[in-house]
K.L.:
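Take this structure, written in structure tokens, and hold onto it; I'll ask about it next.
Every chain is numbered from 1, with letters handed out A, B, ... down the list of sequences.
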Amino acid sequence: MTTVPLAPVRRWILRRQSAHRERGATLNSLYIGALTVAIVGGMLHRQLAEVFWPPHPDASGLAGASLTALCYGLLYLALRRFGPLALSRPAASWLLTAPVSRRSLLIPSLRIAGAVAAVLGALAGIAIVGHTAPRPVALPLLTAGGALLGLVLLLIAAAAQAGGRWGTAVDALMSLLFAAGFAGLVADTTLDQPVAVTAWPPAQTLVPLVAGVAVVVLVVLALVVRGLARTPSDHILDASRTAGTLFDAAFGIEPSFLTDMIERRYWAARRLRSVTLPSRLPVLVAQDLLLTLRRRRRLLWLVFGAAFPLLLGNAPAWILGAAVLLGALIAGMTATGNVRTDAGNAVLLRLLGLSSRQAVLQRLWIPGVLAALWSAAALTALDVLGDLPAGPWWALGLALGPVGAAAAVHRARAGFVRNDLLPLDTPMGTLSTGPLVNAVIGPDMLLLGLPALVEIAQGNPLSWTTVLVQAVVGVIGARAYLSGTTDTDRTELSR
Amino acid sequence: MEAVEVKSLYAGYGAAPVLEDVTLTVPTGQGVCVVGENGVGKSTLLRCVSGLQQVESGTITVFGGDPGATPEFWRAVVTTVEPPTWYPGLTAREHAELVCRAHGQDPAEAGIDEALERFGLARHADAIPPSLSSGQKQRLVLAIALLRPSSLLILDEPEQRLDREGRADVAALLADYLAGGGSLLMASHDDDFAIASGAAITTMESLSAVAG
């Protein structure tokens, strides 16, 4: 089959598009982008300097190594999730199916992904070395090294996208690396005397190393470009759909587009075997339990996440308390996929013939158990490894169960962002209130955890009275939420 | 008491009237099948009777009460007029079991496997419904609707996307349902199917005082 040259096609499309675009729209966008960067940079340059290049190194070697694993692991996983090679939706529909060279079709995407990976890699490299290495450090060499590492990850991700099953194995390995980095950071906060980095390799050692990596990157890049045409169409289509949904979510300020797509894809890729629902539990509780047990990997992340508040050891105590409450919400949200389905469309609730009160009451149980166990684990970890005053913190964690349950179920029932709410006029510009209002639906119920928050913020020893107060407030609050938002003579979850 | 009683019903979408002065009765224990061209308002009528669409004027009673959002109504009535949604991470068979258990049926005795087999879904019992074809999804909805206990079935073109054998099977199941004391209101394009299911055929025109 003859291949049609792509460049004239692209030029033709661009010309047609520019006919109905405002003259200078691209220049205008560039100007706005540059201005935003300048303003934000001007406002936050002190904080940014603190994040990327503090005056003195302030982290241990272990923290540096852990951050390396964490940042670059995350970069790789993000690249894989978004492609890394994707096309715009129109190009995926019209050009992917046309007899044009697949390689020249994908090269612009590789170029953009390469630029992003290099910039993010360089920024991560600067920040990590800035926090750990003794001065002086050759900054240009460091920037080049970080960017090269980003490119290496991109090339592996692109090859994994084009390749077979080994990609999944690399993904799992990178997830492990990410988890190990997280564990390292937690371990670092519990050490009394962290070991700082005292020696940094001299430029004579680093220059040949970076140059060597650069040569390898160039060679692999050439190989990847040669193999671009072999990237399977379905992988590119998947990535293009992700990119399109990402833009939809960003422009519509509707993150549920993205989360729903990720969820749909997850289940589409799973091979399930029908089981009998546990018969001793109420039917919807049994269903939620089944859904939760089928998401083992997410449960594993939750277990890991219970150590997250430990990283906030140096932050003010109220932030620590807020993090525990937010964690309880997130833990509860692991089991709210079903109530989200019911809130979006009550077809299945009608088929089940249950009242909204019965349904929501049953749907609160598993999120409640998850939130209770997570908070208990997080507070116990803080008690043992951190510096919480004495007291039965595990019990306070368990008492947060109803709070997490009510917040998670409320969040799942939030629905779409309302873009019909009045915008706020501020001196900085117009602020649309819909996304803000939507974002606090769910977290607002965490106010029921105020007794626990105050207790953690004050730093006094914990008494059983506080635990009891928290338990009573949580249960009464969840009960009030149930009777206030549901009815025994209505199936729909929303009024 | 009649299963469904519709009197002088007016309904439509915005300025466009779809149902004008429609009167319909479905006696308890019997079936009525509404036939007619696409767009004459069969589905709108079924939606109104299911309480899923606002009416402009007229009265609708189902078993003597208002059609509505109450759990009691939905324990008595099953409808397939809405496009179905599915729970995440739940297989086709588990959806059927969930519905049976919610109605207090013993899943082992409800005949779930036989129902899936009858609707040609036995091989797809472990699939998640969104991965099924549209025809398979419709058959799954129908299988679940017939599995759970109910007093009135409101079905919108149940014969669609079924092959000839499947149509005969479903018609026989509906006839059994009527024989067991259930009531049926459906819309269909297939007169033979309606006759086989034991439902009395009526046209949309004959229901409307204005069109008639």
Side-chain angles (χ1 to χ4, degrees), chain A residues 259-260 262-279 281-288 290-295 298 335-359 362 487-495, chain B residues 50-52 66-108 112-113 116 121-122 124-132 140-141 144-145 147-151 154:
Chain A
T259 49
D260 287 355
I262 290 171
E263 173 124 351
R264 269 201 310 278
R265 239 177 232 181
Y266 173 80
W267 290 115
R270 279 284 299 266
R271 294 274 164 275
L272 299 176
R273 181 165 288 278
S274 297
V275 297
T276 309
L277 296 171
S279 59
L281 297 172
V283 59
L284 299 187
V285 178
Q287 185 203 0
D288 280 348
L290 181 64
L291 179 75
T292 309
L293 292 179
R294 284 190 167 154
R295 306 226 56 170
R298 196 183 271 195
T336 56
N338 294 320
V339 73
R340 209 166 59 230
T341 308
D342 286 333
N345 194 337
V347 177
L348 286 163
L349 277 185
R350 289 185 200 117
L351 202 58
L352 293 169
L354 294 172
S355 73
S356 53
R357 180 148 311 160
Q358 284 172 309
Q362 295 189 20
D487 236 319
T488 47
D489 59 359
R490 150 168 82 88
T491 44
E492 271 81 0
L493 292 191
S494 52
R495 231 181 277 273
Chain B
S50 310
L52 296 172
D66 290 336
T70 62
E72 288 71 32
F73 178 83
W74 290 113
R75 275 201 282 277
V77 178
V78 183
T79 180
T80 61
V81 296
E82 303 172 278
T85 52
W86 307 101
Y87 285 122
L90 205 64
T91 66
R93 192 187 185 285
E94 287 160 354
H95 271 91
E97 190 189 328
L98 182 76
V99 173
C100 289
R101 286 225 17 219
H103 288 276
Q105 292 169 292
D106 183 346
I112 296 172
D113 292 317
L116 293 178
L121 294 165
H124 305 286
D126 287 344
I128 55 166
S131 70
L132 299 176
L140 179 61
V141 171
I144 294 176
L147 262 174
R148 58 153 271 193
S150 66
S151 310
I154 303 177

K.L.:
Need one label for A:T276: side chain, backbone, both or neither, based on atoms under 4.5 Å from any heavy atom in chain B.
P.N.:
both
K.L.:
Can you tell if the side chain of B:V99 reaches within under 4.5 Å of the side chain of A:L351, non-hydrogen atoms only?
P.N.:
yes
K.L.:
Would you call B:E94-A:R294 a salt bridge at under 4.0 Å N-O?
P.N.:
yes
K.L.:
Any side-chain heavy atom of B:L52 sitting closer than 4.5 Å to one from A:R350?
P.N.:
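In contact.
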K.L.:
Look up atom CG in A:L284 and atom CG in B:L98, then write down how far apart they are to the nearest 0.5 Å.
P.N.:
6.5 Å
K.L.:
Do you know which of B:E72, B:R93, B:E82 has the most heavy-atom pairs under 4.5 Å to chain A?
P.N.:
B:E82
K.L.:
May I ask you to decide if A:S274's main-chain N or O and B:D126's side chain share a donor-acceptor pair within less than 3.5 Å?
P.N.:
yes
K.L.:
Please classify the contact between A:L291 and chain B as side chain, backbone, both or neither, with a heavy-atom cut-off of under 4.5 Å.
P.N.:
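When you check distances to chain B, only side chain atoms of A:L291 fall under 4.5 Å.
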K.L.:
Any side-chain heavy atom of A:L354 within less than 4.5 Å of one from B:P71?
P.N.:
no
K.L.:
Contact between A:T491 and B:T70 at the side-chain level, heavy atoms closer than 4.5 Å - yes or no?
P.N.:
no
K.L.:
For chain B, find which of A:L352, A:T341, A:D489, A:V347 contributes the most heavy-atom pairs closer than 4.5 angstrom.
P.N.:
A:L352
K.L.:
Considering all heavy atoms of both residues, which atom of B:E97 and which atom of A:L277 are nearest to each other, and what is their separation?
P.N.:
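Heavy atoms of B:E97 and A:L277 come nearest at OE2-N, 3.0 Å.
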K.L.:
What are the residues of residues 262-270 of chain A, in order of number, with any heavy atom under 4.5 angstrom from a heavy atom of chain B?
P.N.:
A:E263, A:W267, A:A268
K.L.:
With only heavy atoms counted, which part of A:L290 is less than 4.5 Å from chain B, the side chain, the backbone, both or neither?
P.N.:
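Side chain only.
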K.L.:
Please state whether the side chain, the backbone, both or neither of B:I128 comes within less than 4.5 Å of a heavy atom of chain A.
P.N.:
side chain
K.L.:
Checking side chain to side chain donor-acceptor pair (under 3.5 Å) between B:Y87 and each of A:N338, A:D342, A:D288, which is the one that passes?
P.N.:
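When A:N338, A:D342, A:D288 are each tested with B:Y87, the side chain to side chain donor-acceptor pair (under 3.5 Å) holds only for A:D342.
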K.L.:
Below 4.5 Å from any heavy atom of chain A, which atoms of B:P130 appear? Answer side chain, backbone, both or neither.
P.N.:
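Answer is neither: B:P130 stays 4.5 Å or more from chain A.
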K.L.:
Under a 4.5 Å heavy-atom cut-off, does chain A meet the side chain of B:S131, its backbone, both or neither?
P.N.:
neither
